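Please read the structure below before turning to the comments.
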Amino acid sequence: MDSGLADRPIGSIRGIGPGKSGILSRLGIRTVGDALYYLPSRYHDRSRIRDIRDLQPGSVETVGGKIISSAERTLPGRRMRIYEIIVSDGNGTLTAKWFNQPFLKRNLKAGQEVILSGTIERDRFRGGIEILNAEYEIVRDDEDSLIHTKRIVPFYRLTEGISQKQFRKIMFGIVNGHAGEIEDPLPSDIAGRNDLPSLQDSLRQVHFPGPDIDSGSFVNGESPYHRRLSFQEFFIFELGMALRKKNAGSMRGPVFDCPGRLRERLLEHLPFRLTAAQKRVIGELGADMKSVRPMHRLLQGDVGSGKTVVALIAMLDAVECGYQAALMAPTEILAGQHYSTIRGVIGKLGLKVSLLSGGADEAGRARAARGEAQIVVGTHALIQEGVEFKKMGLCVIDEQHRFGVLQRSRLIGKGTRPHV
């Protein structure tokens, strides 16, 4: 995308003033680029207009016809006003009702052509069929009448202060005006090899599908245009990961190439034997940490499978080689559990562990900074300013998905290219 367009404030678009800009910013839409990539969350197929005589209760349908009468009434004993219209398409009639929306009598009047979309119900009082709180569209000869009906209609996740119709109209203008200006980030040979449509066409179709498409694939989010945008997202992600891995490959981290006496002493004190899977993973971690390339491993296992003891053995390897290890957990409860478990084990080895949580004291920080605490367990407190390590060579992050990228990076930054 043209960089100027991508960063162009959404408020610079015609018809979007300060009020709407504020509403859109709550959705994360601050630029034209943000808007183009704010994709529909679902679709409703309104491309088929059903005859009223063929409607069945319980189905979601789109119907059209002329308003032959309208009325407003108040339910006895209730503070509820009902506005209703009777619509005929020449083959049958139905009643449409809205509750506590008095403004509709200014919008929907006898003689107008309308299109209604909603769930068909049986009228229990007068017989026949009705539709409650339908989305409606007055048929006009302008372009807007083609945005909300007679097509596959997009629906977006919204916030208070803006309706689907208002948002859809904004998006229609942005997509028509700017989707063609996007620069496609996918190389043409990759797009061709995977039979992918262009980015410009994909954005136009995903926001406002054309008439000659398979409606089912859009409703299910499985159209070629959805696939193309998903492919692009994964491609850019993988490209970023490849560059990160390439850069990491040029970095030098600590080398843990000690005899492993601490791990041997730990195994002597364990009240159980390691499983074959634990032994295999411990071997893989040990091999990684003997390399000058900083390790980045994700350790997976069911609850109770023994991930903690595997991580502890890796921490002991770091300690034996003269480094500190840090273990960060997402909650004080988890951090406390890890601290108790580790202290009960390594105390027998003559090592020291400290706990830093939300109420971390100066003494605990000082032990970490002087290197007296060989293993430091904590919560987000570990990444606070003022928490320093003398020589941290291994980070262990419990439930890493509960920490943001920047949070994890801040912990890693407190060491010298530590293994993770």
Side-chain angles (χ1 to χ4, degrees), residues 237-238 241 244-245 248-249 251 253-258 260 262-264 266-267 269-321 323-346 349 351 353 355-356 374-380 382-383 389 392-415 417-420:
F237 175 78
E238 289 293 337
M241 292 298 292
R244 180 178 176 181
K245 185 175 182 179
M251 298 169 58
V255 177
F256 300 157
D257 195 12
C258 297
L262 285 179
R263 89 161 56 178
E264 291 176 2
L266 171 67
L267 294 177
H269 288 92
L270 289 180
F272 55 85
R273 292 184 178 181
L274 298 179
T275 66
Q278 287 173 320
K279 292 178 181 178
R280 173 177 54 80
V281 172
I282 289 170
E284 292 173 355
L285 296 179
D288 279 354
M289 294 189 298
K290 289 179 181 179
S291 169
V292 296
R293 178 183 297 180
M295 173 182 70
H296 284 84
R297 283 272 189 174
L298 176 63
L299 178 60
Q300 294 179 287
D302 293 334
V303 174
S305 62
K307 298 184 294 295
T308 302
V309 72
V310 170
L312 178 56
I313 287 174
M315 289 189 276
L316 290 180
D317 286 348
V319 171
E320 184 174 339
C321 292
Y323 290 84
Q324 293 170 287
L327 191 161
M328 184 167 69
T331 67
E332 291 192 12
I333 292 176
L334 279 173
Q337 291 174 344
H338 284 308
Y339 172 70
S340 297
T341 300
I342 293 172
R343 184 179 63 172
V345 174
I346 71 170
L349 306 181
L351 305 177
V353 57
L355 175 65
L356 296 181
Q374 290 131 320
I375 295 178
V376 182
V377 180
T379 58
H380 297 77
L382 294 180
I383 60 177
F389 295 83
M392 192 248 283
L394 174 66
C395 296
V396 179
I397 303 171
D398 189 22
E399 297 193 28
Q400 59 89 26
H401 60 282
R402 296 177 64 177
F403 294 96
V405 173
L406 293 179
Q407 291 174 318
R408 300 196 298 266
S409 296
R410 287 179 64 183
L411 178 62
I412 294 169
K414 291 180 180 289
R417 302 184 184 90
H419 297 288
V420 183

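Keep in mind that what you see is a predicted model, and the values were worked out from it rather than measured. By convention here, the first residue in the shown sequence is residue 1.
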From [X] [atom1] over to [Y] [atom2], what is the distance, rounded to the nearest 0.5 angstrom?
{"X": "Gln374", "Y": "Met315", "atom1": "CD", "atom2": "CE", "result": "12.5 Å"}
{"X": "Ile346", "Y": "His269", "atom1": "CD1", "atom2": "NE2", "result": "12.5 Å"}
{"X": "Phe389", "Y": "Lys414", "atom1": "CZ", "atom2": "NZ", "result": "7.0 Å"}
{"X": "Leu299", "Y": "Glu284", "atom1": "CG", "atom2": "CD", "result": "10.0 Å"}
{"X": "Leu274", "Y": "Lys279", "atom1": "CG", "atom2": "NZ", "result": "6.5 Å"}
{"X": "Ile375", "Y": "Ile342", "atom1": "CD1", "atom2": "CD1", "result": "5.5 Å"}

Could you check if a side-chain atom of [X] sits within less than 4.5 angstrom of a side-chain atom of [Y], using non-hydrogen atoms only?
{"X": "Ile282", "Y": "Arg263", "answer": "yes"}
{"X": "Cys321", "Y": "Asp257", "answer": "no"}
{"X": "Arg343", "Y": "Val377", "answer": "no"}
{"X": "Leu316", "Y": "Leu351", "answer": "yes"}
{"X": "Leu327", "Y": "Leu312", "answer": "no"}

At their closest point, which heavy atom of [X] faces which heavy atom of [Y], and how far apart are they?
{"X": "Ala335", "Y": "Ala329", "answer": "N-CB, 3.8 Å"}
{"X": "Pro254", "Y": "Gly393", "answer": "CG-O, 3.8 Å"}
{"X": "Leu411", "Y": "Ala326", "answer": "CD1-CB, 4.4 Å"}
{"X": "Ser291", "Y": "Val255", "answer": "O-CG2, 4.1 Å"}
{"X": "Met289", "Y": "Met295", "answer": "CG-CE, 3.8 Å"}
{"X": "Leu394", "Y": "Ala318", "answer": "CB-CB, 4.0 Å"}

Under a 3.5 Å distance rule, please check whether [X] uses its side chain to pair with a backbone N or O of [Y] as donor and acceptor.
{"X": "Gln278", "Y": "Ser305", "answer": "yes"}
{"X": "Arg408", "Y": "Phe403", "answer": "yes"}
{"X": "Arg410", "Y": "Ile383", "answer": "yes"}
{"X": "Glu320", "Y": "Leu262", "answer": "yes"}

Check your understanding: Is the CZ atom of Phe272 crowded by more than 12 outside heavy atoms at less than 6.0 Å?
Key -> yes

Review point. Within a reach of under 6.0 Å around CD1 of Ile333, are more than 12 heavy atoms found that belong to other residues, nucleotides or ligands?
Key: no

Practice item. For the residue pair His419 and Phe256, categorise the inter-ring angle as parallel (less than 30°), tilted (30 to 60°) or perpendicular (more than 60°). Key: perpendicular

Review point. Please walk me through it: do Asp398 and Lys307 pass side chain to side chain contact (heavy atoms under 4.5 Å, CB included)?
Key: CA-CA 10 Å; Asp398 189 22; Lys307 298 184 294 295; 5.7 Å; no

